[in-house]
Amino acid sequence: MPRQLDSIQPAAATVAADAEPLPDQQQIVEWLARLGLLNGVPFNYLVPDESMLPTESIRFFQVDAAWLVALLDGAFSLGFAGVTEATAEAARPGLMDAARTRSRELRAGIVGAEAPGDGEPQPMSGFLLRSFVVAGWPGLEVGGFSDAAGQHALTLLRMERLGTSVLLCLFAGVLARADLTEPAEGLRSGVDGTANWTKGLRYATATGGHAIGDPVGGTPVAVPVRSGRVLDMAGLARTMAQTITPFTPAQFAVELCQGAATVSFVAGATG
Amino acid sequence: MSTITFGDHVTPPLGAGDYTVTVTQTLTIGTPTEGYRAVQDLTVLGPRYALAPGTVGTLFPPTGSQGDFANVLPHVVLSEPSLPWQRSPGGSIPGPPPSWLAVLVFDAADPPPRPFAIPQAQLAGGAPVFAPPRVAEQGENPADPVTVIDVPLPLFMAIAPAAADLPWLAHVRHADVTAKATDGDSPAASDYAVVLANRLPAPGTVSTAHLVSLEGLGPYLAGGGTAIPAQFAAVRVPTLASWSFGTESDEETFAGALQAVDAGPLQRRFVTTAAAGSEGARSAVQSAFGMGYLPFDHALRDGAATVSWYRGPLLPIAGGAPPAPPFADADQLLRYDPTSGMLDVSYSAAWTLGRLLALHDNAFATALYRWKLTQTHAAVAALEQQVLDDLLAGDSAINQVTRAVRALVTPALDSLG
């Protein structure tokens, strides 16, 4: 059935040109930066024995700088021949420093975060999580801290799933505490109580000194029920709209949201 | 730590369906006016009876999980934020745009209808199974299978959302990806649509949820204005995803699962058996395990077999100072422990792995070779330049003669003035 067409926005006609190959030095720095974050290192080199990472476990580690030096030197050793050695050697420290700096920026570039500033070269550390949580909550969020109180956040350098149920996280600095939070997009929605359900209201706009999500207080609204446990969603929305203005499906979602769970692990404490 | 933004709905610029573009041009040259007209048909395809893999992100409560979900509305997270508004349930529903997708929750006692596949041609139903009128779309094949459920009419009217509920059952979430895992070089998706159920799961039993299409069913829902005729006993709805979960009090929630996770440093646990070895050997092995080492069989180059220590880059303790490169070969990095007579092959293995990974990546290996060659050429050129400079600026015999002559001749010329 033909419909009325109001207007059509022509899409900008852009054709992506083939990416210009990077200059050699940049390409080498990029490659070494990735290797420096253990990209491409086979899993059995990282965890040589399955008993080190049993199912349903989280294992903390510090990255051995010497191992990385050996790994990067092995990669850099290609193409050595006679006279080349001395000259390439002279350029090595600069190249390796550039790779180290670049490996700190890689993740920030991918997720669109602000790149961490150049700091002192820091030791890397992190954790491996092997659990059904990795598969069950794909958007799982992670924060790392250098103190057990969770005051000083560490920069996340790499966070990637190695297989369906194993998660690798690398931080700049020595990790003392890791916080794992339920994915924000998967926040559960629900009501309070076990029967005669109610719902405490939250502010949905930041006005009058209230932040979004602050409880309004007062009596929670009764959740109207059509029959049994089938809720009258439109009726609930109408009730909420009397207190919360403006009221749209987004505000409705905010009102129904239940908090995300966070679980903290302190490195060094054995469980 | 991270933020989330809620949105009402994302309506696609064009919903799925057939469109006709008509262009008319009127030319006036002199008195006769001529009109030109061009007509172009176009079809916007959208998911209708099946979703592409990966579209369904999170199912909540997770498939097969057990937990205290009795006051939680099950939901589906869709990775395509405009999906719930790409089609329409039909009818006139006041308020914000209604969603054509809904989550139906069935109790074990209902019982949940069994999904089955039929060809699209049979979607129209027929007494006693009701299906809303449907228009075939471009690219559809009557033989394509569709997974459907037949829901008894009284049950459907009781648990399906009312027409007025539909605008409130879906919304959009925009998540912050800075604390999420990356997939190679791609960040996690940040925009999602969420479709909520309208029924709470029954406690102490197993519930089944279906993500269903209500396309065309809008007028027949509660409050939709049209009643399903009495000769029908069931309603046929296409199901796009389904899953089951338990609501027994057993906690398998996110927090519950993580609290049960065993935490510790990355090392092999030392399990002692009194019969194995001497006290000294046991404590040596235990301290090696504590430093992340594991023993591995090692075939030596001369054919002998031994056992050597290996540990990866991820240590349970802080590592030592790195050795100073370069290393001519992997053997330079072998460490020998004179007390046990065992080798530590860790760094040697790392060096070899680095070399193999570099060799494996043709582009990198070529770039590295070219770069080293350029460094050499630059060095050779610099050396050549220096030799020339030395020759030209240095005190060669000819320069000395020239200067001596100039020193003699200049005052003579001056005196001649």
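Protein chains get the first letters and strands the later ones, always in sequence-line order, with residue 1 at the start of each. Owing to the predicted nature of the structure, the values given are computational and were not obtained by experimental measurement.
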Set of ring pair (Phe, Tyr, Trp, His ring centres under 6.0 Å) partners for B/Phe364, sequence neighbours left out: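 Testing B/Phe364 for ring pair (Phe, Tyr, Trp, His ring centres under 6.0 Å), a comparison that skips the adjacent residues, returns A/Trp31.
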Tell me, for [X] versus chain B, whether the close heavy atoms (under 4.5 Å) come from the side chain, the backbone, both or neither.
{"X": "A/Asp232", "value": "both"}
{"X": "A/Leu167", "value": "side chain"}
{"X": "A/Ser189", "value": "both"}
{"X": "A/Arg188", "value": "both"}
{"X": "A/Val191", "value": "both"}
{"X": "A/Leu106", "value": "neither"}
{"X": "A/Thr248", "value": "both"}
{"X": "A/Cys257", "value": "side chain"}

Atom pairs and distances, side-chain donor-acceptor, residues 37-48 of chain A, under 3.5 Å, sequence neighbours left out:
{"from": "A/Asn39", "atom 1": "OD1", "to": "A/Arg158", "atom 2": "NE", "distance (Å)": "3.3"}
{"from": "A/Asn39", "atom 1": "OD1", "to": "A/Arg158", "atom 2": "NH2", "distance (Å)": "3.1"}
{"from": "A/Asn39", "atom 1": "ND2", "to": "A/Arg34", "atom 2": "O", "distance (Å)": "3.3"}

Given side chains that start at C-beta, do those of B/Lys180 and A/Pro183 come closer than 4.5 Å, heavy atoms only?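 Side-chain contact under 4.5 Å: yes.
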Salt-bridge criterion met for A/Glu50 and A/Arg130 (N-O under 4.0 Å):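 Yes, this pair counts.
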Below 30° counts as parallel, above 60° as perpendicular, anything between as tilted: where do the rings of B/Phe6 and B/His171 land?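 Judged by the thresholds at 30° and 60°, the geometry between B/Phe6 and B/His171 is tilted.
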Short side-chain to backbone donor-acceptor contact, B/Asp183 and B/Ala188, under 3.5 Å: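 Not a single qualifying donor-acceptor pair exists.
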